[in-house]
Amino acid sequence: MRCPFCGNIDTQVKDSRPAEDHVSIRRRRFCPACGGRFTTYERVQLRDLVVIKSSGRREDFDRGKLERSIRIAMQKRPINPERIDQMISGIVRRLESLGDTDIPSKVIGEIVMETLARIDTVSYVRFASVYKNFQAADDFDKFVSELRPTSPAEE
């Protein structure tokens with residue numbers, strides 16, 4: 001592992017233990033060249049996924065990009081950060097278990113929306129507003145009205 005401070009490629013592992021999510025390993029590392037200390041996390045990756053964008057462009061799946069978009073949607077919501085990490089790990093496992101390495105971005109978006117809808121409706125609406133590319137307040141109004149259950153008087 002390359003030292004992030006000096007670039008030395010010969011760093012030493014001082015301590016390894018399971019991370020809080022129990023899906024990754026946390027390693028404390030030390031660089032003998034500069035004396036720097038840093039932490040790395042290792043995860044099991046079942047297969048290399050490729051995202052097929054709506055434009056047809058292909059790009060490698062980036063867990064960090066998925067995590068950033070979900071964390072933005074869940075910003076300032078009363079959700080435990082460990083719960084968010086578990087949710088992201090679950091989404092990635094689900095994507096890896098689809099059986100295909102090429103995954104359309106639409107499938108990823110739908111899985112994220114489905115997961116967010118079960119956890120927090122505000123985050124779900126936030127994510128949907130970007131994913132579905134809302135252009136006006138009417139788009140929000142229509143989307144939120146679909147979330148509301150219809151009362152017996154309205155039927």
Side-chain angles (χ1 to χ4, degrees), residues 1-5 11 13-29 36-151 154:
M1 176 62 63
R2 183 178 300 273
C3 174
F5 306 111
T11 59
V13 174
K14 290 298 181 189
D15 180 44
S16 291
R17 64 179 64 164
E20 293 82 24
D21 60 4
H22 299 288
V23 190
S24 58
I25 296 176
R26 177 182 178 268
R27 298 197 192 279
R28 288 291 300 153
R29 294 180 178 266
R37 294 178 181 269
F38 59 100
T39 303
T40 59
Y41 292 88
E42 294 179 19
R43 283 191 168 76
V44 173
Q45 183 174 337
L46 297 177
R47 56 181 61 153
D48 290 329
L49 300 176
V50 175
V51 178
I52 302 171
K53 301 291 199 169
S54 55
S55 66
R57 191 170 52 88
R58 302 165 61 87
E59 76 179 43
D60 290 338
F61 175 77
D62 182 0
R63 180 190 172 100
K65 190 173 179 180
L66 173 69
E67 185 174 345
R68 282 188 303 278
S69 65
I70 290 172
R71 288 194 186 279
I72 288 169
M74 299 185 100
Q75 202 168 25
K76 296 185 180 180
R77 298 297 303 151
I79 310 293
N80 186 331
E82 288 177 13
R83 177 69 178 108
I84 296 172
D85 292 337
Q86 290 171 350
M87 182 184 88
I88 293 166
S89 293
I91 290 170
V92 172
R93 276 195 306 274
R94 189 167 164 193
L95 293 172
E96 289 174 337
S97 68
L98 289 175
D100 195 6
T101 55
D102 295 349
I103 302 172
S105 59
K106 181 178 174 109
V107 170
I108 296 171
E110 294 297 329
I111 290 172
V112 170
M113 285 185 41
E114 176 187 310
T115 307
L116 284 173
R118 289 193 310 260
I119 294 174
D120 184 59
T121 54
V122 172
S123 300
Y124 170 64
V125 172
R126 285 178 178 172
F127 186 87
S129 71
V130 174
Y131 174 69
K132 293 183 179 280
N133 197 20
F134 291 176
Q135 297 295 318
D138 291 342
D139 297 338
F140 280 97
D141 195 35
K142 182 180 177 205
F143 185 78
V144 171
S145 68
E146 291 171 5
L147 292 177
R148 291 187 184 109
T150 55
S151 63
E154 294 175 7

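Just so it is clear, the structure is predicted and the values come from calculations on it, not from any experiment.
Glu96 has its side chain within reach of Val92: a pair of non-hydrogen atoms, C-beta onward, lies under 4.5 Å apart. For the pair Val130 and Ile72, the minimum side-chain heavy-atom distance is 4.5 Å or more. Under the 4.5 Å side-chain criterion, counting only non-hydrogen atoms from C-beta, Ile119 is in contact with Met74. Between Phe61 and Leu95 the shortest side-chain heavy-atom distance falls below 4.5 Å. Side-chain contact check for Arg68 versus Asp62: some heavy-atom pair is nearer than 4.5 Å. At a threshold of 4.5 Å between non-hydrogen side-chain atoms, the residues Arg126 and Gln75 count as touching. The side-chain heavy atoms of Lys132 and Asp139, taken from C-beta on, include no pair separated by under 4.5 Å.
Scanning both residues, Ser105 and Val51, for their nearest heavy atoms gives CB-CG1, 3.9 Å. Across all their heavy atoms, Gln135 and Asn133 have their closest contact at NE2-OD1, 2.8 Å.
With hydrogens and angles ignored, the 3.5 Å screen pairs a side-chain donor or acceptor of Tyr131 with a backbone N or O of Lys106. In this structure a side-chain-to-backbone donor-acceptor pair under 3.5 Å is missing from Ser123 to Leu116. Asp141 places no side-chain N or O within 3.5 Å of a backbone atom of Ala137 that could act as its donor or acceptor partner.
Using cut-offs of 30° and 60° on the angle between ring planes, the pair Phe38 and Phe5 is perpendicular.
Leu49 CG to Ile103 CD1: the interatomic distance, rounded to the nearest 0.5 Å, is 4.5 Å. A distance of 10.5 Å separates CD1 of Ile91 from CD of Glu67, quoted to the nearest 0.5 Å. Considering CD1 of Ile79 and CD1 of Ile84, their distance stands at 6.5 Å, rounded to 0.5 Å. To the nearest 0.5 Å, the span separating CZ on Arg94 from OG on Ser89 amounts to 14.5 Å. The distance from atom CE of Met87 to atom CZ of Arg83, rounded to the nearest 0.5 Å, is 7.5 Å.
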Steps toward side-chain contact (heavy atoms from CB on, under 4.5 Å) verdict (Met1, Val13): CA-CA 9 Å; Met1 176 62 63; Val13 174; over 6 Å; no

Does the side-chain contact (heavy atoms from CB on, under 4.5 Å) test come out yes or no for Ile70 and Thr115, once each step is laid out? CA-CA 10 Å; Ile70 290 172; Thr115 307; over 6 Å; no

side-chain contact (heavy atoms from CB on, under 4.5 Å) assessment of Asp60 paired with Val50: CA-CA 5 Å; Asp60 290 338; Val50 175; 4.3 Å; yes

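Heavy-atom neighbours of Arg37 CZ from other residues, nucleotides or ligands within 6.0 Å: at or below the threshold of 12.
Contact check on Glu42 versus Arg29 returns a salt bridge, with a Lys/Arg side-chain nitrogen under 4.0 Å from an Asp/Glu carboxylate oxygen.
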